[in-house]
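This report refers to the structure that appears directly beneath it.
When reading the values below, keep in mind they use all heavy atoms of this one structure, side chains included, and skip hydrogens, waters and symmetry mates.
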Amino acid sequence: METKQEIFEHFNTSPAFHLSTVEDGKPHVRGMLLFKADERGVIFHTGKFKDVFRQIQANPNVEICFFFSKNGTQYRMSGELVLDEDKALFEEIYNHPTRKFMRDWGEKLTDQIAVYRMPHGKITSWNMAANFDAKQYVEF
């Protein structure tokens, strides 16, 4: 199993993932876009007006799944999300070149953005070569 740093490097190079939440006992999965994975954990944002925000606020225990078709590996990460209201982190996201679309929305919508962080959790990986192997976990 790779180290946390190696796994986070994969996440940062291909930031699309799927997020699973639960509402009324029913699963909800949707594609999301990672901002970054670093020493603070896994960081992404969403709109406070969306169902996903309401679902996370009600139950912050989620699972995130990254899939890399290049090598057929998926990484499943589970843990509890924290709403991060650090203004410096928001400014970093808002001013990042990959988040130009946020500036296009206008400053009036910035109070509608929720930044989430998964600071701790566990990650397991899977691919066909290891299909019958026991799961291994990397804690972070």
Side-chain angles (χ1 to χ4, degrees):
M1 184 78 176
E2 297 165 287
T3 67
K4 175 189 90 167
Q5 287 77 20
E6 291 169 329
I7 294 169
F8 280 9
E9 284 177 29
H10 293 310
F11 294 175
N12 286 322
T13 60
S14 186
F17 67 91
H18 285 86
L19 172 69
S20 178
T21 59
V22 174
E23 180 178 39
D24 297 329
K26 296 178 183 168
H28 296 269
V29 178
R30 81 277 293 151
M32 302 289 286
L33 187 61
L34 177 76
F35 175 63
K36 71 164 65 172
D38 63 18
E39 69 281 348
R40 297 171 286 188
V42 172
I43 302 167
F44 68 95
H45 56 85
T46 190
K48 292 180 180 178
F49 49 88
K50 293 186 172 191
D51 291 343
V52 67
F53 173 77
R54 189 175 31 76
Q55 292 161 0
I56 293 169
Q57 290 300 103
N59 182 357
N61 294 296
V62 301
E63 186 164 89
I64 292 172
C65 183
F66 286 84
F67 180 73
F68 299 91
S69 59
K70 187 161 106 178
N71 64 7
T73 300
Q74 88 176 354
Y75 296 90
R76 291 175 44 206
M77 167 186 290
S78 60
E80 187 171 317
L81 294 176
V82 173
L83 182 62
D84 194 324
E85 296 179 311
D86 177 48
K87 297 290 183 199
L89 177 57
F90 180 83
E91 289 298 320
E92 180 185 353
I93 293 169
Y94 186 78
N95 292 308
H96 196 273
T98 63
R99 296 306 192 266
K100 182 183 178 308
F101 61 88
M102 290 177 72
R103 292 184 298 283
D104 292 344
W105 293 338
E107 287 191 29
K108 66 179 188 271
L109 293 181
T110 60
D111 64 339
Q112 293 297 311
I113 303 300
V115 177
Y116 282 105
R117 193 167 45 83
M118 186 185 289
H120 308 287
K122 62 183 184 176
I123 305 168
T124 188
S125 65
W126 174 92
N127 60 35
M128 286 303 289
N131 194 38
F132 296 101
D133 296 351
K135 287 183 185 174
Q136 296 180 2
Y137 293 94
V138 172
E139 306 265 342
F140 68 96

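Side-chain atoms of Ile113 and Ile93, non-hydrogen and from C-beta on, never get closer than 4.5 Å to each other. Contact annotation: the side chain of His28 approaches that of Gln55 to within less than 4.5 Å [non-hydrogen atoms, C-beta and beyond]. Proximity of Gln74 to Cys65: side-chain heavy atoms (C-beta onward) are separated by under 4.5 Å at one or more points. Side chains of Leu19 and Val62 form a contact here, defined as non-hydrogen atoms less than 4.5 Å apart.
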Which pairs would a plain distance check flag for residues 115-123, meaning a side-chain donor or acceptor within less than 3.5 Å of a matching protein atom at least two apart in sequence or in another chain?
| unit_1 | atom_1 | unit_2 | atom_2 | d |
| --- | --- | --- | --- | --- |
| Tyr116 | OH | Gln57 | OE1 | 2.6 |
| Arg117 | NE | Asp84 | OD2 | 2.7 |
| Arg117 | NH1 | Arg40 | O | 3.2 |

Sequence neighbours left out, cut at 3.5 Å: what donor-acceptor pairs do the side chains of residues 130-140 make with other protein atoms?
| unit_1 | atom_1 | unit_2 | atom_2 | d |
| --- | --- | --- | --- | --- |
| Asn131 | OD1 | Trp126 | NE1 | 2.9 |

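Legend: residues meeting salt bridge (charged side-chain N to carboxylate O under 4.0 Å, His left out) with Asp104, ordered by chain and number and at least two apart, are Lys100. In this structure His10 satisfies the ring-ring contact (aromatic ring centres under 6.0 Å, His included) test together with Phe68, Tyr75, sequence neighbours excluded. Listed by chain and number, the residues in a side-chain contact (heavy atoms from CB on, under 4.5 Å) with Glu6 are Glu2, Thr3 (sequence neighbours excluded). Shown here are the ring-ring contact (aromatic ring centres under 6.0 Å, His included) partners of Phe101, two or more places apart in sequence or in another chain: Trp105. Applying the ring-ring contact (aromatic ring centres under 6.0 Å, His included) rule to Phe17 yields the partners Phe44, Phe66; only residues at least two apart in sequence or on another chain are considered. Contacts of Thr46 classified as side chain to side chain donor-acceptor pair (under 3.5 Å), with partners at least two apart in sequence or in another chain: none. Contacts of Arg54 classified as side-chain contact (heavy atoms from CB on, under 4.5 Å), with partners at least two apart in sequence or in another chain: Glu23, Asp51. Listed by chain and residue number, Phe90 satisfy the ring-ring contact (aromatic ring centres under 6.0 Å, His included) test with Tyr94 (two or more places apart in sequence, or in another chain).
Asn12 places a side-chain N or O within donor-acceptor distance of the main-chain N or O of Ala37, the cut-off being under 3.5 Å.
In this structure, the separation between CD on Glu39 and CD on Gln5 is 10.0 Å, given to the nearest 0.5 Å.
Here salt bridge (charged side-chain N to carboxylate O under 4.0 Å, His left out) pairs that include residues 59-81, with residues two or more places apart or in two chains, are Glu63-Arg76.
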Discussion item. Walk me through whether Met77 and Val42 qualify under side chain to side chain contact (heavy atoms under 4.5 Å, CB included).
Written reply: CA-CA 10 Å; Met77 167 186 290; Val42 172; 3.4 Å; yes

Item to complete: List the steps, then state whether side chain to side chain contact (heavy atoms under 4.5 Å, CB included) holds for Asn71 with Asn127.
Response: CA-CA 8 Å; Asn71 64 7; Asn127 60 35; over 6 Å; no

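Within a 6.0 Å radius of NZ in Lys50, other residues, nucleotides and ligands contribute 12 heavy atoms or fewer.
Chaining together hydrophobic side chains whose heavy atoms lie under 4.5 Å apart leaves Val22 on its own.
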